[in-house]
Each structure stands twice: as structure tokens, then as C-alpha cells.
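What follows is a short report on a single structure.
Here is the naming used below: chain letters follow the sequence lines, and residue numbers restart at 1 for every chain.
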There are 4 protein chains.
Amino acid sequence: MMDRDQLISFRRDLHAHAEPGFLEYRTAGRIEAALAGLPVTIRSGSQVQDLSGVVNYPDPATRDHWAQLAIAGGADPERTAYFVRHGTALVAEIAGNRPGPVWAIRTDIDALPIREADDDRHGPARDGYHSTTGAMHACGHDCHATIGVGLLHRLSDQDFPGTLRVFFQPAEEGVRGAQTMIDAGVLEGVDRMLGVHVAGGKPTSAIVGSVVGGMATRKLAVTFRGVAAHASGSPQDGRNALLAAASASLSIMSLPRFSGTDTRLNVGTLHAGDNVNIVPALAEMTCEARATDDEVIEDLTARVLQVIAGTADAYRVEQQAVITGRAVTISPDEALVDKIIAAAGQLDGVPEIQRHSPQGGSDDVNLMIRGVQAAGGQGAYINVGANSPAPHHNPYFSPDENVIFTAVDLLESVLRNG
Amino acid sequence: MMDRDQLISFRRDLHAHAEPGFLEYRTAGRIEAALAGLPVTIRSGSQVQDLSGVVNYPDPATRDHWAQLAIAGGADPERTAYFVRHGTALVAEIAGNRPGPVWAIRTDIDALPIREADDDRHGPARDGYHSTTGAMHACGHDCHATIGVGLLHRLSDQDFPGTLRVFFQPAEEGVRGAQTMIDAGVLEGVDRMLGVHVAGGKPTSAIVGSVVGGMATRKLAVTFRGVAAHASGSPQDGRNALLAAASASLSIMSLPRFSGTDTRLNVGTLHAGDNVNIVPALAEMTCEARATDDEVIEDLTARVLQVIAGTADAYRVEQQAVITGRAVTISPDEALVDKIIAAAGQLDGVPEIQRHSPQGGSDDVNLMIRGVQAAGGQGAYINVGANSPAPHHNPYFSPDENVIFTAVDLLESVLRNG
Amino acid sequence: MMDRDQLISFRRDLHAHAEPGFLEYRTAGRIEAALAGLPVTIRSGSQVQDLSGVVNYPDPATRDHWAQLAIAGGADPERTAYFVRHGTALVAEIAGNRPGPVWAIRTDIDALPIREADDDRHGPARDGYHSTTGAMHACGHDCHATIGVGLLHRLSDQDFPGTLRVFFQPAEEGVRGAQTMIDAGVLEGVDRMLGVHVAGGKPTSAIVGSVVGGMATRKLAVTFRGVAAHASGSPQDGRNALLAAASASLSIMSLPRFSGTDTRLNVGTLHAGDNVNIVPALAEMTCEARATDDEVIEDLTARVLQVIAGTADAYRVEQQAVITGRAVTISPDEALVDKIIAAAGQLDGVPEIQRHSPQGGSDDVNLMIRGVQAAGGQGAYINVGANSPAPHHNPYFSPDENVIFTAVDLLESVLRNG
Amino acid sequence: MMDRDQLISFRRDLHAHAEPGFLEYRTAGRIEAALAGLPVTIRSGSQVQDLSGVVNYPDPATRDHWAQLAIAGGADPERTAYFVRHGTALVAEIAGNRPGPVWAIRTDIDALPIREADDDRHGPARDGYHSTTGAMHACGHDCHATIGVGLLHRLSDQDFPGTLRVFFQPAEEGVRGAQTMIDAGVLEGVDRMLGVHVAGGKPTSAIVGSVVGGMATRKLAVTFRGVAAHASGSPQDGRNALLAAASASLSIMSLPRFSGTDTRLNVGTLHAGDNVNIVPALAEMTCEARATDDEVIEDLTARVLQVIAGTADAYRVEQQAVITGRAVTISPDEALVDKIIAAAGQLDGVPEIQRHSPQGGSDDVNLMIRGVQAAGGQGAYINVGANSPAPHHNPYFSPDENVIFTAVDLLESVLRNG
């Protein structure tokens, strides 16, 4: 069984080699290795991940780049090639020694495309484990993966009722990975679905029984295709994709507020045109809609799509808009929250216990929870405080590593008590 | 035969009672009266004007307003009622005493919706004949009507070859009236079609054989219909016609320049919304496109219509766009220009003769010229200098009245010489 | 003392002669008359209303129009002239026969610029008292004025502790009138400030102790002034006010949502341009911002103003933006709400009592409540259900008149109990 | 003296190793080498090029990339390092054996950032000299450089009156390089300034005495800097650079047409934002204005800059707009055109001689011609037909190499005749 120091080393190793969504080659390999010898069944790649519905999957050059980085970082070339071919999701299952429910816990494993701070103000830099890959674990998924690994070690005595599946999920950022695991059937038979997330803004080891609400979201990748033309010689022959995207951006952002529902809209990126003197023929845009209501998000997304289609028409350009990520709101089962709160009450060193806390952003584990609930099961999404000096998604984000052990303790207690 | 003083009085009377397009009730009556006793056949109203294709024809209240003004200004109530019912176009035809071609001359009779200057800097105000109707002859159509009347008097001896038709055309402003007369068949049998226009920017009595080029144009009236909603209580239930119109305005104005063709675009008016706290359900817009090429104007107009349709779609509102006016470019027949130049050369007091001059704006007599040319006839569009202290369409526009007699002299000479 | 039938007649008379904000000439006269003979001190016009800060006050022609309508509707010409000169606000004060707090109740008296339904589906039309003035009491202010009058009659025995002031407030729509009364000092000495409003969407006589929250708002009137130019002859000489307004409209509507605060934005009206072929030199726009937070509304309004200024600059036009109305949120005093709830509990025929209900829109009585609270007093804003078949601000709005008596009963009880 | 085959080889070598503006390291070295042994003085780098005013000069990584490519392509590492440090401009001067004027001929040497066609439809690909650098001589500057070299060889007998300077100019694309050479004083003492350009759309060896008109232009690089924020967590803390750029793009493109002057506007590129769920903090945009009038281009550029400044203000973001390239119109000296036409008339194999032809786009040699004219000298800009199967700036552009020799013959004749 990995001890505290080993888990911290494990987490720091993942941290130093942070990998973005769908490219967690080295990370997946390390998790497999860390579970070696445990009474655990590991399924991986296409067994637990259906990539056929993924839009904008990393292209071969990008995959190759991260595979080389992984190998340079010590990853096994053969396993790396396997993950490149089949995907990086893992499901580790351990059976308890007596009957009981099937639990699943989602721990996500991907990092963000953020360059990590490397100066002395930043703990990981001072201690020499900051990432140099160009990606950064600025949302604590390195801790999450370590929690999953730690919990499996802790329960390796199999002294608990039922079964535990840990979902090591790729590509939570962009809310893309959960659906690929759902599509591969990982929810089958699951009775209780848990998410767990570190909360940088809460005191270390503070516990939230479940986040609630949150924002349903859709992420869109949009392409406008026009016709290039010399901007001086024959501007009338051009069909201006840049202007279409500019106009669509303004129109999307001016969609109405919804009375009674909190909504968000963002055009996050826009890249258009090749040359100052050419009518731009191509514009690529990403945008997102959010709503605190699962019906409103459908309505709002439909409006965004209609803006895109109508504007393309107005500018006589072609458009394609695809949904690259989605999440729903969360409404946990209170019976399950009861168990979590009860377990939390038995832990030492927990400064604060909250039954509910609003879910700040969007998370695709909600899709898993919703899926299990739809099949008659229960779900909840635990938060554990980690007291980071900087907010999530910031180059100075750095959770207190004690969060890992509080989370493992809590989950162990929940599982042991069934 | 009306003498010089009578013609000047006639023009000043029209000037003082200026009437806008399709509402020239008093003007038409005065012209009829001025031709009484001449060997002239007058056709009027629906005989020479098909109003069925007119969009945005003045509504009953407006017609009633101008009819009452006309009668208050001395118009015969019965004739006024006739013009209200049947239209204000007149065609006066006089036959020469020997065979020859059928000539037509277009003289337009409508005024602009401009309030005329009434201070002492302005000649008509000093001399007491400025308009107080709210409309103003700021483009010289009062002179044109007088030229038509004067020419018919001058040729009342019938000593010329062929036949002369004078078209007293309503609603040239907005390029709306010519088509109504064409649709009624007034061009039938015409061999030679002439336009004549005073040129405020040229020295008095300077003569241009024909303007050339000009700008083809389309005027559009656009309506966007959405759904009103309380802007605070349920903004999501609204469909915002104001925003659709705003976005369409920007997109129209950003349509490309055309290499090799001079183009223009204008969104001239926009009226939207009822109340600060209601999502605007209605927006009304007028816009125009122009081009120095008769194919490009079709292309450009199609693009404007596509912007309107696509933008309405983007904003989920209904739209209707109708063409309310149109004009084409002009390419005169040089054989006919030869005759005009020759006649001009014989006149006294002509400071300057130009064969061609670019047509500054858009004029729907071009449709008549184009129609006659299409049937094998000839056309040209004479300009005569009038040395106005202020430009056309300005509240201080005031042509030198000598322009009337130079124009009559010139046309008489052209007609007498066949 | 006016009885039930008299009060209903009084309300229907106001209803039939609905008058918009600042133009309540006949209404004010009727209220004065209805209070004649009571032991009430009436202050009116400039005694209780400082109009010096009002932007876009009705112009002389409009004032004249409504004065004539008032007189035609039976108003006293002299009193009408007085209200035209000095304003239409009234404060009626009655002293109780023993010491106690100074109460103020705001009842607003203006109507909306909505044409009232006149078909048989509409009660007031069936009963012959629908408005034909072009304005409509579609928000129940006719009932409010009647409640004020009824309450003064009810308390004319002066058997209550303290003093009661009823504020008959003009121009609540557009949140414009309350400030004018505050500026004239009407809040001086007030200890307890109450608003009262009919709630068309609640069962008749249901009582809400106080609305809470609501939306702070600012209404803006914006003018863009550019330079006209012939759209074909010299478009480059124009400075396009219409485009500036169109661009500003889109930019205003695309201002960000605020996390944690509900906001609203609306560009309600836009009027620009004179003629299809002139570069538009003038654009007039009204817009509003709202927020459920009194600091955010300042921030949001500043952003709207910055969009207007920056966009005007971008288009090289002049701009002027003035705030024409404002309201704040409401946070009632619970001690006062206790009294209201207690009084409500003693009434018969009250189907439902709620302590709080969210304030749907914006109301400038909040400024009065805020003012009294700032001086150490208390405030609350009562709602009474009126079960209208159509929503507020709709041509078919029609409150159950029983609401008047429930409100009078409730207020009487509150006042009598001190 | 290089013979025809050597010149063709020289041109094809440049073609195969095409280098973009300011990065013509190998090209400059090859030109130097090709002039070795001639009685020619060569000045290079900072002697003839002042780079201090250049905006957006290639960054060190880009310079390094092209330097390595140059060396890999056989360039001398030392000379390459020299050009990297000092610039790639060359001026080769040869003195005639008798007194006469100082002539200067501009031949530009840079390629475009276009990937050249590599299939069999394309001559250079069939013959194995298509570029594989990622840049392409798609505007014939490889021919121009060869013309300059060929002419210096031809005149190496020094049997001509006066002096000849050939300006091998970098970075004509983007109209950036001419100014750097002017700033270094290369025009000093020049009496007659010639440009020469291949004309892919004209029959091989057809000669135009001088292009005329053309479009003055300004190229701009614009940066909008806002503030990033989580698009869901705190959108109100963001300042949206993407929206500012989108709005500015629409406003720039909707700037008015100019009556009497042909204008162009283009927003060529726009790159904004990092992530779909972040309020975009940075937007980079390139745009250009053009006009057939050197005063209007100043006016139009000022309007573009004002749109950018005003829009940035409206969106509360910072902006920086720098002019990265400029060109003026051309008005050649007819005495000089006379000489060219006379020389053309003496050549064999010239299918067509035109005195003037409109300059299609923008070229910064006009700045040199204007500079020489301003100092009392003369200028003209020769075109020679090259019959390309595809237009300029197209991946299949391919001039008939005979154009090189016609141009050399023509220029030799002009120079020999003084």
C-alpha cells in the first residue's frame, strides 16, 4: 500500500508532467503502474472510452508531440503507443468482501493549457516540481488522480460492502471526456456515483457534502468559410468570413438575459484571415453558452446556432457549428449526501462541514451523476477544501496536499460504511 | 400664348404651392389650366399612370391633407378629387403640321419634403413666393413643368415635323414616378426621348448635350417584425427587431466596394421600438444602393436583400423588404446629342456648351430613355445651367429663371429642325 | 365619507380618463375634489414637487394637448392651468387625535401610453369605462389613487395615533416622479413609509407584507448628432449618427452578465434619419439598465455611458446621454412588515398572506422608502392581489375592484393600531 | 558577363529558395555573388537601409529560422549573419564612361508567404525549381532581381552616359521596404527613378511606358488589450478585446465611400482569445486602407484610427495601432515615358506597346519615384508582359521567362540613349 509520502511523490510527479485533455499518455501509464499488485481490475482505452463522437480530437502531430514528451519523461513507449491508439481513460475496479452497492468515483486526470509559474512565489517551483510541459495542473486533477489511487490502496484489504469503480477520466476541461466514458458503458450497473473535487478557495479539509446547481453548458467550435479575393483588385469577389464571425460574435453576446435563469455567453476565441490584403476566407471561432437550467441551455444553444446560421447567410459564407463539450446541472440525492455528511462528522481535522455549496462552473461528471440517477441510482459531488493561495486556472494555483488525505479518508469511511 | 412674364408667374405659383411626389394635385390642375385653348390633347390620371405597382403610396390621410391644401390654395375641388383618385401624371400631345418622328420630353413636377428658407437671404422669400406647404421645389421641378408648358405654347403653331408629347411626371424624387407612366404605356410609339434638367451648379444658360453615366439605384423599404416582451420581466420572450435592424445596418454598410464600378450604400432611416422598457417588436428602415453599372446594381441589391434576410433569421424575426424606387444609368444616342449641340450653337446668350457631363445622381427618366432605346428609338438628357446660390436639395436652392427660356428656346429649335 | 359605490365610480372615472406621467391634470383635480370637506390639508404642485431636475419633461404642445383633453373631460380650467404650471403632485395630510408616528403612503396616479382594448372581452369596455385618451391605466394606478382617497375618508374620524400623509405621485412609469417629490421635501419628518400596489397575478385580496429586492434601474435618453450629406454625391462629408446608434445598440446589449447579480439591458427605441438618400445626421435612442444590486447598477450604467461615448467617438459624431429615470432596490424593515402581517391576519376574505415576495420590476417608491430609512425611519411595500385576466401593461389588464377595499381595510388597520 | 542560360538558372535558383520580406538572406547573398567581378560598387545592409522605423520587424526566432534555411540552401554563413544583423537591401552602382544623369532602378527581391503549387500543372514544379521554403515568388520578384543583375552585366562595358544604381529592395510586399532604403538616403543625387514589374496578365514582352494612378495605401497592425476573466465565474471582471476587435472590424468596413475617389478597406486578419471559457484579453488585427488619392488616404487612415480608438474606449480596452506599410499613387513624368516608349519601339518581338496602364494595386516604389520627383528629378514605372497562366499572388503564378530579357533589352536601350 502506498503511504503518505509515496502518494505525495506520485502527485508531484503527475504535476511536473502535466498533460492536456485526451493526451494524458504518461499520466495514464503512471496510474496503471501505481495500481500494480493491488486486487484491482483495470480496463483502459477503447474498453472504457468511445472516441467516435469526439469533435476536434487532437490531431496526429499534437498526439505525436505529447507521446514523445511522455516517453522523454519516462513513460513506457509501448503503453504510450497503446494510449495514443485507444485513448487514455482508465477504470479500476475492486470488489469488497461482502455484498453491497456498486460505487463509482470519478477522478479526472487532465491539465490545462496554461504555462505554470516558475518563480519562488510558487510552491511547486520552490520545491522543484512545477510543470515544464506547457500544460499545468491548475485545477487539481493531479490531486484527484492521486485520491483515486490512494483510495484503491486504502481499500485493497477489500473489507467493504459492494464494489468500487474509480473512473480516471480524461479531458474534463472543456467538458469533453465524461461523455466518451459514458458512451463506452462505464455506468452500467453503478448504484452510487460520486464526484470529488478540491476546492482551492475553502480552508484545507473543509468538506461539502455535495455541490448543487451549477451551470449546464455547451461548448461550440464554429467555422465560417467564405471566398478569398484580392482586397484591392476585386473585393466584390470575396465572401468575408472574418466579418461574418465578427457580426456573429456581437449578435451572440447580445442574446437576451433570461428572467429566472442565470445564463452566460462567451466567444472565447476567433481566428480569421491570412493576410492584410486578402478578403478573409476562413474564420474559426469557439464559443460557449451556460445556464442554471437544463432546458434553458437547450434554448440558448439553439439561439446561438441560429445566430451563426443566419449571419453566415447574411454574409454569403458557409458555416459549420459543432458542439465540442457539454455538461448539465447537478441535483444530488440527499440520502447519499446524508452518508457523506455523517462520514465527514467522524473525521478529525475537518474545520468546516457544509451540506451544500453552489457549483461554480460546469463539470461533466454531472453527466455521469445524471446517468446513474436516470437508471435509479444516486449521486453526489463532494468538495474538499485545499486553501490555494491563487484561484483555480491561475498559474499560481497550488492546493494544500493534505486535501488528498482528507478526501481519501472521507471516501474510505463512506465506502466502509456502505 | 403665354409670354415670359406669364411663365414666370406660372413657375412662381407652382413654387409657392410645392407638393411632394404623387400628391401634386394643385400642380397638375395648374398645368392643365395653362394648356387650355392650345391644340393639345391631354391625357391624365390612370390613362397615363399605372399605380398598381407602387409600394408605399401615400396613405389616405396624407392624400387628404394635400388635397385640402390644394383646394385651400385655389385648386378646383373636382379636379383635385380626380387626381386623388386617378393619379397626377399628365401627358400633353401636340401634332406638328408635317410628318416626322414622335418626340417625348419628360418634365417632372414634384417637390421635396424640405422646409424652404424664408429669410431675406433667399430670393423666393424676398419676392414673396417661397413655399409654405412644408415641401419645396429645391430641385427645380417647378422650372421643368414651366419649360414643358412654355414649349407647348411655343409650338402651338404646329409648325414642326412629327409629334411632341410632354410627360408631366410625378414623384421623380425617390425615382418612383417614371415607372408608373411607363407601365401605362406612354412610351408607345416614341422615337426620341428627351429629359431636361436645370443645373444649379453651372452658369446660367450653359448647355450640356446630354448627361452620361449616372448611378443605377434601388430604394428599399424594410420591415423587421419581432415579438415584444417586458425587458425586465421576460426578455427571453422577446424577438428584438431593433437589434436585427441595427445589425443589418452595419452589415449593409460593410458590403464590399466593387473594383471598376463606383457604388454607394445608405441606410437612410431607422425607426424602431415603442418604449424604453419593452423589447422592440418592430423596426422600419429605408436604404438604398447605387452603382455606375446596371448589372452591379442588381448584384449589390441582391446582397442587401440577403443581409436583411440572413440577419432577420439570426435574430429570429420576420422581415419584408420591398423595392420602392429604381433607376438605371444613361447612355445617350450620339446622333441625337449632335442635334442638341447643333441647336445650342444657334442660340444667343449661351456661355458654354458641353457635349457630355457626368450624371451626378440617379433619375428615373433614364428608365424612359432606356425604354425608347430598347424599342429602336433614341434618347438624351439635356442639362441647362441655372446658377443657383445654393446646391440642389438645399433650403436656399434658387435657379436663375432665365434657365426656363433657354431650355424652351433650345427644345423649340431641336423640334423645329426635326 | 365616500362609500363603496362612490369609490368604484371614482376609480372608473379616473380609468376612463387615463393620463400619462406629468400630465395627470384631470386626475389631480378629481382627487382634490374627492377630498373636499375632509379634515385634510392638501399641498400641491410646486409645494410638493420640484421639477427642476426633470429631463425630457413633456413639451408645451403635449402639455396643451392633455390640458385640453382634461377640460373636455370636465376638469376645471383654472385648476388645470394651475397643474400645467406647477405640476400634478398632491400630498394630503390628516392628523390623528393622539400622538404617534408620521406615516406616508405613496399612491401613484399616472397611466401608460397604451391604447386600451375596446372589445367585449375586456371588462372596462363591456362596462363602458375604458379609456379613449390614448393612455391606459394598465398598471392599476387608478386603483392606487382610489385607495389613497378611500383611506383618507376612512380615517376622517381622526381616530388614530400620529399623522398620515398620502403622496399622490405623478409619473411612476419611467420611474421619474418620486424623485421630484423627494426633491421638494415631502419625506421630511416621515417615520414610516409605505408603498402599496395591486398585483394582477395574485388571487384577489391576497396580501404580501412587503416586496423585496427588485431591480435598481436607470433610464437613459441618448442623442447622436452627426452631419448630413448626400448619400451619393458626397457620402464622405457625412457623419453617420444612425450607424453610431446601431453600433452602440449592439455594444450595449453585449455588455457582460454579472456573476451574482441579475442584470438587464434594453435599447427600447431608436429613431434615426430623415430620408433614404441622406447620410443620417441625427439618431435618438432610449435605453435602460437594471440590476438587483444598487452598486452594480452604477457600474452597469457607467458602462452603457462609456459605450455611447466611445462609439460616438468612433463614428465622429457628438452624443448626449441623460438619465431620465432611476430606481433602487428595496429592503423593507421587518418590524414594519410584522405590523402589516398582523393587520392582514385580522381581515376577512384574505385568501393568502405572504411575508415577502420578490419585486418584479422597478418602482421609484423605493427611493422614498430608502430616503425614510436613511433618516432612521422604516419602510415596506405592500402588494394586494387583484386577479387580472391579463398581465400588467397589457391592453386587457383589469384588476378585480375588490382589491381597493382590501387595501383600504388593511391600511386602516395598520394605521389605527399605530 | 552572365548569358541567357546563366540568368535563367539564377532566377530559378532564387525561385526555388524564395524568402519573405526582410528575410532575403540567401537571395541577397546570391545577388552579391552574381555581381562579383563587375565594375560595380555594392553597398549593403545598414549603408542602404535604415530599419529603425520598421514596425513588426521579424522576431529573432523567425530571423533565425530563415537564416538556417538560407545556410542549408548553400548561403555563406558569414554573409548570412551579416544580413541578419544589418538588413538585406543592396545598392549596386555602375558609372558610365561619360557624363550624364544618375539613374536608379528599383528591383524588389522578396517573396510571398504562399505555399507554391507542386503538381504537374505548374511549370516550376514540372521543371523542378518550385519553392519548398513555404514562401513563393508569386509576384515575379525573382525575375525583377534577375533583371537588375542582367542589366548590370549588360552595362558592364560602362558605355553609357551617367550612372546607374540598381536598388535591390527587400519587403515590397506589405509596402514596407522602400521607405527603409529612402530613410538611408539611397535617393540622394538620383535624377531618374524607374520601377520595373512583370505583368502576368499581359502578352509576353508587351511594354507599358508607365503605370499611372495606383492606390495610395496604409497597412495597420492593431492590438486590443483587455482583461481576462472566467467567462462564467466573473464575466463582469473581463474587458473583452475580441468584441472590441469585432465591433471595430464592422465599423471600419462601414466607413463611407468617397465620391470622386476610389477607396478600399480590408480587415485582413483577426486573432483573439485563448480559451472558450475565458473572456478574451487580447486581440490582434491587421487592416488596410487604400485610395486613389494621396490626401484621401490620409483622411481615410485617420478615420480607421479613430474607429479603433473610439471602439477600444467603448469596450474599456487599451489599443495600439501602428502603420506597418505605406504607399502613394504614381504620376510619371511624360518626358521620361517618351524615352521608354521610344526605346520600346526599337525592340524586336514586342507584341504591344502602351503608353500608360492603370496601376492595379499598391507599390512602394512609388515612394521612391515621388521622392526623386520632389527633388526635381523624373520617374516612371515600366511594366513588361509575362503571360502567366495564373494571376499574381496565386500558387500557380508562373511568368514567361522571356520577360527578363525584354526588360533588360528595354532598360539597356533607355540607358545607352541617356
Item to check | Part of D:P391 lying under 4.5 Å from any heavy atom of chain A | outcome: neither

Checklist outcome for this item: Max heavy-atom pairs within cutoff under 4.5 Å with chain D, candidates A:A246, A:P113, A:S247, goes to A:A246

Checklist entry - Which pair of non-hydrogen atoms, one from A:F397 and one from A:H137, has the smallest distance, and what is that distance? => result CD2-O, 3.9 Å

Checklist entry - Looking at D:C287, D:G273, D:A272, D:P280, which makes the most heavy-atom pairs under 4.5 Å with chain A? => result D:A272

Next on the checklist: I need the residue from A:N240, A:I278, A:T324, A:L112 with the largest number of non-hydrogen atom pairs under 4.5 Å to chain D.
Outcome noted: A:I278

Next on the checklist: Quick check on the interface: out of A:V276, A:T217, A:L265, who has the most heavy-atom pairs with chain D under 4.5 Å?
Outcome noted: A:V276

Checklist entry - What are the two closest non-hydrogen atoms of D:I330 and D:Y381, and how far apart are they? => result CD1-CB, 3.5 Å

Checklist entry - Looking just at side-chain N and O atoms, do D:T133 and D:S131 make a donor-acceptor pair shorter than 3.5 Å? => result yes

Item to check | D:H392 portion near chain A, given a 4.5 angstrom heavy-atom threshold | outcome: neither

Checklist entry - Do you know which of A:A245, A:G233, A:P235 has the most heavy-atom pairs with chain D at a distance under 4.5 angstrom? => result A:P235

Next on the checklist: Can a donor-acceptor pair be found, under 3.5 Å and without considering hydrogens, that links the side chain of A:D363 to the backbone of A:A327?
Outcome noted: no

Item to check | chain D contact via A:L242 - side chain, backbone, both or neither, heavy atoms under 4.5 Å | outcome: side chain

Checklist entry - Out of D:T286, D:L250, D:D262, D:N266, which one racks up the most heavy-atom pairs below 4.5 Å with chain A? => result D:N266

Next on the checklist: Is the ring pair D:H197/D:H141 parallel, tilted or perpendicular, if the boundaries are 30 and 60 degrees?
Outcome noted: perpendicular

Next on the checklist: Need one label for D:N275: side chain, backbone, both or neither, based on atoms under 4.5 Å from any heavy atom in chain A.
Outcome noted: both

Next on the checklist: How long is the straight-line distance from CE of A:M215 back to OG1 of A:T263, given to the nearest 0.5 Å?
Outcome noted: 7.0 Å

Checklist entry - Is D:D364 reaching over with its side chain to a backbone N or O of D:A178, donor-acceptor style, under 3.5 angstrom? => result yes

